[in-house]
Amino acid sequence: MSGCVFCKIVAGEIPSTKLYEDEECLAFRDIDPKAPVHFLVVPKRHIGNLMELGLEDDALMGRLMRRAQETARGEGLGEKGARFVVNCKSDGGQTVDHLHIHVLGGRAMKWPPG
Ligand code: 5GP
Ligand code: ZN
């Protein structure tokens with residue numbers, strides 16, 4: 001989708017530090033990390049947000065969560081865990097309108113979020 005920052009990252013038009021890539025997903029470090037480890041997992045296909053997911057996306061979403069888990073393990077988060085977050089639309093605090101899973105780790109997270 002033209003103008004979408006994460007589509008541009010997927011296309012290589014904006015550089016990123018990639019942690020994992022396959023034919024349908026990409027994991028890369030967040031440019032403004034909120035924890036010692038902070039990366040994003042995105043589908044390569046443009047999906048605006050979680051509310052846009054359809055039944056046909058169930059398997060894709062499962063695989064994205066699996067990739068998030070595996071990449072988190074690779075970043076050393078397997079033992080202590082991490083925060084896996086999907087911000088959705090305005091009340092969810094979403095600022096980039098391309099579905100993404102945040103993975104934050106390397107420190108203890110607080111609850112509830114602001
Ligand atoms: P949201 O607020 O939509 O849940 O999260 C968007 C995230 O994308 C933010 O944490 C922000 O730092 C990150 N981000 C925005 N633009 C870029 C970029 O150009 N490169 C990378 N690596 N991360 C970005
Ligand atoms: Zn996009």
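All values reported here derive from a predicted model rather than from experimental measurement. In each ligand, atom 1 is the first atom listed, and ligand 1 is the first ligand listed. When reading the values below, keep in mind they use all heavy atoms of this one structure, side chains included, and skip hydrogens, waters and symmetry mates.
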**Asked** Which distance, rounded to the nearest 0.5 Å, do you find between the OG1 of T17 and the CD1 of I31?
**Response** 9.0 Å
**Asked** With a 4.5 Å limit on heavy-atom distance, are the side chains of K18 and F39 in contact?
**Response** no
**Flag side-chain contact, heavy atom, 4.5 Å: E24 against L60** = yes
**Prompt:** Does the side-chain contact (heavy atoms from CB on, under 4.5 Å) test come out yes or no for V37 and L77, once each step is laid out?
**Reply:** CA-CA 9 Å; V37 177; L77 305 179; 3.9 Å; yes
**Request:** State yes or no: are the ring centers of F28 and F6 separated by less than 6.0 Å?
**Result:** yes
**Request:** Check for a donor-acceptor pair, side chain of H102 on one end and backbone N or O of N87 on the other, with a separation under 3.5 Å.
**Result:** no
**Fill in**
At a cut-off of 2.8 Å, protein N/O/S around the Zn ion (ligand 2) gives C4 SG, C7 SG, H46 ND1, H98 ND1
**Message:** I'd like to know whether CZ of R107 has more than 12 heavy-atom contacts from other residues, nucleotides or ligands below 6.0 angstrom.
**Reply:** yes
For a distance cut-off of 3.5 Å, show me each N or O of ligand 1 paired with any protein N or O, plus the separation.
from     : atom 1 : to   : atom 2 : distance (Å)
ligand 1 : 2 (O)  : G93  : O      : 3.2
ligand 1 : 2 (O)  : T95  : N      : 3.3
ligand 1 : 2 (O)  : T95  : OG1    : 2.8
ligand 1 : 3 (O)  : T95  : N      : 2.7
ligand 1 : 3 (O)  : T95  : OG1    : 3.2
ligand 1 : 3 (O)  : V96  : N      : 2.9
ligand 1 : 3 (O)  : H100 : NE2    : 3.0
ligand 1 : 4 (O)  : N87  : ND2    : 2.8
ligand 1 : 4 (O)  : H100 : NE2    : 2.9
ligand 1 : 4 (O)  : H102 : NE2    : 2.8
ligand 1 : 5 (O)  : H100 : NE2    : 3.0
ligand 1 : 5 (O)  : H102 : NE2    : 3.1
ligand 1 : 10 (O) : D30  : OD1    : 3.2
ligand 1 : 10 (O) : D30  : OD2    : 2.5
ligand 1 : 12 (O) : D30  : OD1    : 2.5
ligand 1 : 22 (N) : R29  : O      : 2.9
ligand 1 : 22 (N) : I31  : N      : 3.4
ligand 1 : 23 (N) : I31  : N      : 3.3

**Asked** Checking side-chain contact (heavy atoms from CB on, under 4.5 Å) for the pair L40/I101: CA distance, chi angles, key distance, verdict?
**Response** CA-CA 5 Å; L40 306 171; I101 303 164; over 6 Å; no
**Asked** Which pair of heavy atoms, one from Q69 and one from F84, lies closest together, and at what distance?
**Response** N-CE2, 4.1 Å
